[in-house]
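A quick write-up on the structure given underneath.
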Amino acid sequence: MNGISRRGLLKTGVAAGVLGLTGMPLRAQTRGGKLTAGMGGANTSDSWDGRTHSDIFMIASAHGTVFDCLTEVGADGTLKGELAESWEASADAKTWTFNLRKGVTFHNGKSFGADDVIASLNMHTEEGAKSAAKPIVSAISEMNKITDHQIQFVLAAGNADFPYLMSDYHILMFPDGMIEEAIQKGIGTGLYAVESFDPGVRMVAKRVPNHYKGDSAGFFDEIEYIAINDNTARMNALMTGQVDAINRIDFKTEGLLKANPAVRIQEVTGNQHYSFPMLTDVAPFDQVHVRQALKYGINRQEMVDKILLGHGQVGNDTPIGPANQYYAADMEQLSYDPDKAAFHLKQAGLDSLDIDLSASNAAFEGAVDAAQLFQASAAGSGININVIQEPADGYWSNVWNAKPFCACYWSGRATEDWMFSTAYEAGVPWNDSNWDHPRFQELLLTARAELDSDKRSEQYGEMQQILRDEGGVLIPMFANYVQAVNNRISSPDTVGNLWQMDNARMAERWSVA
């Protein structure tokens, strides 16, 4: 078996068989050369500690280049083995046995095995750890080393999505007993070993000889990722040939890229969404009617038209997107209605509302403009939004999840439970609205262990409706991934839609044309 789809996984309740190596191309690739990419999403606080990764620069540098995970989501959405070769589950999806790949070494020569898996997972739950993957790892009640290359996970409750969760870009595999050194130097098992790393500036890595993935992935000799957070500078770097690829193109200047015969644009529909989270335990956002007033006070279609220039679709205040299996496409769409916004404001006992909205284009390209559009659309309902333009550097550490109302970006996740457990489960680190709704939390646990696909569909549908009606996150739009590549670089016909830049694995999957 070369892969297993999520639908197939849920139908059987188990995943078994040897799964293919990552990024297996369907056509011959040119070996050699260098890939230079200019990317936004870099910060001076960046490090090789996967627990802290939150944006594309480090996601692509780490999980897509220098490190490996146990599993990988392929470009076509198929789940594949990476450092895990195969796995199987008990009938209740509570006990999972993973068979680890043999003959794998870290860049410092240490052999990879079960002890490394246990140590790497324990990182996320140790005292003081601030990891977005903590809720994933906390759900594991036991980790038992059966042999050096076989490990058994016993979950607190059944989870049909567990193998998918092991592909989370935070859950990188580090060498046991050397984790601090590996974080400092960037020591992984990936196709490329670190040559140099200047946080927030540049990362250079070179191809590892005799890698376990052989000739099936990793076609460049060298990878260079340059941090270019400024949108105009990033586009100019591509246009002048300084870089081979860029992420997050500026839609306003897209025509210049299209007119350049040396450049092509990749556009992929996925679950990426732009949002405005409110802290639901902080006044006035602790009132459902205030949240509902804001939901009706935002002009979603205007944002898609003016911020995305049509490169996306209207959102409905749920993070489950068009690429998810249980996306509630038939749920009634919330629309801009100033009268309803004013009604809900009065239901909250207010004639008007004065609030601050923190935004920076570090959150997403056009976030400040989106906040100002929101300011204008809400004004007619008595909602006065003061837009605070925050500095880009340090936005994720100082503003997001710290200010009561702010702009945010999410890539989405391949499964509903993965998305909800990362950002909507009560008490998890990345719950950026401090959301804690009893019925929602009950459904979250029930759906996680449910193996019947029809029942799961009903449960996830109800959860999406709860978020639409009462949730603390405004999600006005789903944005396509739009990136640009020089024609001297070849990429597969199918480009991943889980994260930017081919699921952040362009270093493995692309090649010189």
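Just so it is clear, the structure is predicted and the values come from calculations on it, not from any experiment.
Put simply, the side chain of Thr318 does not reach to within 4.5 Å of the side chain of Arg468, judged on heavy atoms. Residues Phe153 and Lys94 fail the side-chain proximity criterion, which asks for heavy atoms closer than 4.5 Å. You'll find the side chain of Val399 stays beyond 4.5 Å of the side chain of Ser360, heavy atoms only. Residues Leu474 and Lys295 are in side-chain contact: their nearest non-hydrogen atoms beyond the backbone lie under 4.5 Å apart. Side-chain contact between Asn324 and Glu416 is present, with at least one heavy-atom pair separated by less than 4.5 Å. Taking 4.5 Å as the limit, every side-chain heavy atom of Ile59 sits out of range of all side-chain heavy atoms of Gln500. Side-chain atoms of Cys69 and Leu172, non-hydrogen and from C-beta on, do get closer than 4.5 Å to each other. With contacts defined as side-chain heavy-atom distances shorter than 4.5 Å, the pair Gln375/Leu357 does not qualify.
Atom OH of residue Tyr481 and atom CD1 of residue Ile56 lie 8.0 Å apart, to the nearest 0.5 angstrom. A distance of 11.0 Å separates OG in Ser381 from NZ in Lys346, rounded to the nearest 0.5 Å. Atoms OG and OH, from Ser275 and Tyr409 in turn, are 11.0 Å apart once rounded to the nearest 0.5 Å. Once rounded to the nearest 0.5 Å, the distance linking CH2 of Trp430 with OG of Ser54 reads 5.0 Å. Rounded to the nearest 0.5 angstrom, Asn401 CG and Asn431 CG are separated by 7.5 Å. Rounded to the nearest 0.5 angstrom, Cys406 SG and Met278 CE are separated by 10.5 Å.
Here the closest heavy-atom approach between residue Tyr326 and residue Ser453 is recorded as OH-OG, 2.8 Å. Nearest heavy atom pair, residue Ala367 against residue Ala363, reads CB-CB, 4.2 Å. Of all heavy-atom pairs between Arg51 and Ala129, the closest is NH1-CB, 3.9 Å. Contact record, Asp502 with Pro492: OD2-CD, 4.1 Å, taken as the closest heavy-atom pair.
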Could you walk me through whether Thr189 and Asp68 pass the side-chain hydrogen bond (donor to acceptor under 3.5 Å, both in side chains) check? CA-CA 6 Å; Thr189 60; Asp68 291 324; 2.8 Å; yes

Could you go through the side-chain contact (heavy atoms from CB on, under 4.5 Å) check for Met463 and Arg439 one step at a time? CA-CA 8 Å; Met463 293 169 77; Arg439 175 59 177 165; over 6 Å; no

side-chain contact (heavy atoms from CB on, under 4.5 Å) for Ile355 and Leu294? Distances and angles first, verdict last. CA-CA 11 Å; Ile355 51 175; Leu294 290 165; 3.9 Å; yes

Given side-chain hydrogen bond (donor to acceptor under 3.5 Å, both in side chains), test Thr415 with Asp417 step by step and report yes or no. CA-CA 6 Å; Thr415 73; Asp417 183 70; 5.6 Å; no

Evaluate side-chain contact (heavy atoms from CB on, under 4.5 Å) for Glu82 paired with His63, printing each intermediate quantity in order. CA-CA 11 Å; Glu82 192 161 41; His63 128 291; 5.7 Å; no

Give the C-alpha distance, both sets of side-chain angles, the deciding distance and a yes or no for side-chain hydrogen bond (donor to acceptor under 3.5 Å, both in side chains) between Gln459 and Thr446. CA-CA 8 Å; Gln459 291 160 344; Thr446 303; 5.4 Å; no

Using salt bridge (charged side-chain N to carboxylate O under 4.0 Å, His left out), reason through Arg248 and Asp55 one step at a time and then give a plain yes or no. CA-CA 12 Å; Arg248 299 174 184 165; Asp55 212 333; 2.4 Å; yes

Could you please spell out the steps behind the ring-ring contact (aromatic ring centres under 6.0 Å, His included) verdict for Phe67 and Tyr169? CA-CA 9 Å; Phe67 288 86; Tyr169 60 78; over 10 Å; no

Apply the test side-chain contact (heavy atoms from CB on, under 4.5 Å) to residues Ser377 and Met303: give CA-CA distance (whole Å), side-chain angles for both, the deciding distance (0.1 Å), then the verdict. CA-CA 10 Å; Ser377 67; Met303 287 199 180; 6.0 Å; no

Salt bridge (charged side-chain N to carboxylate O under 4.0 Å, His left out) between Lys130 and Asp49: does it pass, once the steps are laid out? CA-CA 11 Å; Lys130 296 181 179 180; Asp49 187 346; over 6 Å; no

Show the numbers, then the answer: is there a side-chain hydrogen bond (donor to acceptor under 3.5 Å, both in side chains) between Asn316 and Gln333? CA-CA 6 Å; Asn316 211 12; Gln333 174 65 54; 3.2 Å; yes

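With 3.5 Å as the limit, one finds no donor-acceptor pair spanning the side chains of Asp337 and Ser335. Looking only at atom types and distance, the side chain of Ser411 has a donor-acceptor partner in the side chain of Trp499 under 3.5 Å away. In this model, no donor atom of one side chain and acceptor atom of the other lie less than 3.5 Å apart for Asn122 and Glu126.
Checked for salt-bridge contact, Arg509 and Glu72 meet the test: a charged N lies under 4.0 Å from a carboxylate O. Note on Arg456 versus Asp161: salt bridge recorded, some NZ/NE/NH1/NH2 to OD/OE distance being below 4.0 Å. Between Asp369 and Lys252 a salt bridge is recorded (basic side-chain N to carboxylate O distance below 4.0 Å).
Not one N or O on the side chain of Asp356 forms a donor-acceptor pair closer than 3.5 Å with the backbone of Ile385. The main-chain N or O of Glu85 is never found under 3.5 Å from a side-chain atom of Asn99 such that the two would form a donor-acceptor pair. Under a 3.5 Å cut-off, the side chain of Gln441 and the backbone N or O of Ala426 do form a donor-acceptor pair. The main-chain N or O of Leu83 is never found under 3.5 Å from a side-chain atom of Arg101 such that the two would form a donor-acceptor pair. Of the possible polar contacts, none joining the Thr494 side chain to the Ala75 backbone as a donor-acceptor pair under 3.5 Å is found. Of the possible polar contacts, one joining the Thr71 side chain to the Ser167 backbone as a donor-acceptor pair under 3.5 Å is found. Gln483 places a side-chain N or O within 3.5 Å of a backbone atom of Met501 that can act as its donor or acceptor partner. With hydrogens and angles disregarded, no donor-acceptor distance shorter than 3.5 Å links the side chain of Thr65 to the backbone of Ala62. No donor-acceptor pair closer than 3.5 Å links the side chain of Ser433 to the backbone N or O of Thr280. Formation of a donor-acceptor pair under 3.5 Å by the Arg448 side chain with backbone atoms of Asn159 is not found in this model.
For His124, there are no ring pair (Phe, Tyr, Trp, His ring centres under 6.0 Å) partners two or more places apart in sequence or in a different chain.
Around the NZ atom of Lys455, the shell of radius 6.0 Å holds no more than 12 heavy atoms that belong to other residues, nucleotides or ligands. Within 6.0 Å of CD in Gln389 there are 12 or fewer heavy atoms belonging to other residues, nucleotides or ligands.
Each of Phe98, Trp96, Phe162, Tyr164 was evaluated against Trp87; a single residue qualifies, Phe98, per the ring pair (Phe, Tyr, Trp, His ring centres under 6.0 Å) test.
Under the 30°/60° scheme for interplanar angles, the aromatic rings of Tyr296 and His344 are found to lie parallel. In this structure, Phe440 and Trp435 have perpendicular ring planes: the angle between them is above 60°, well past the 30° mark.
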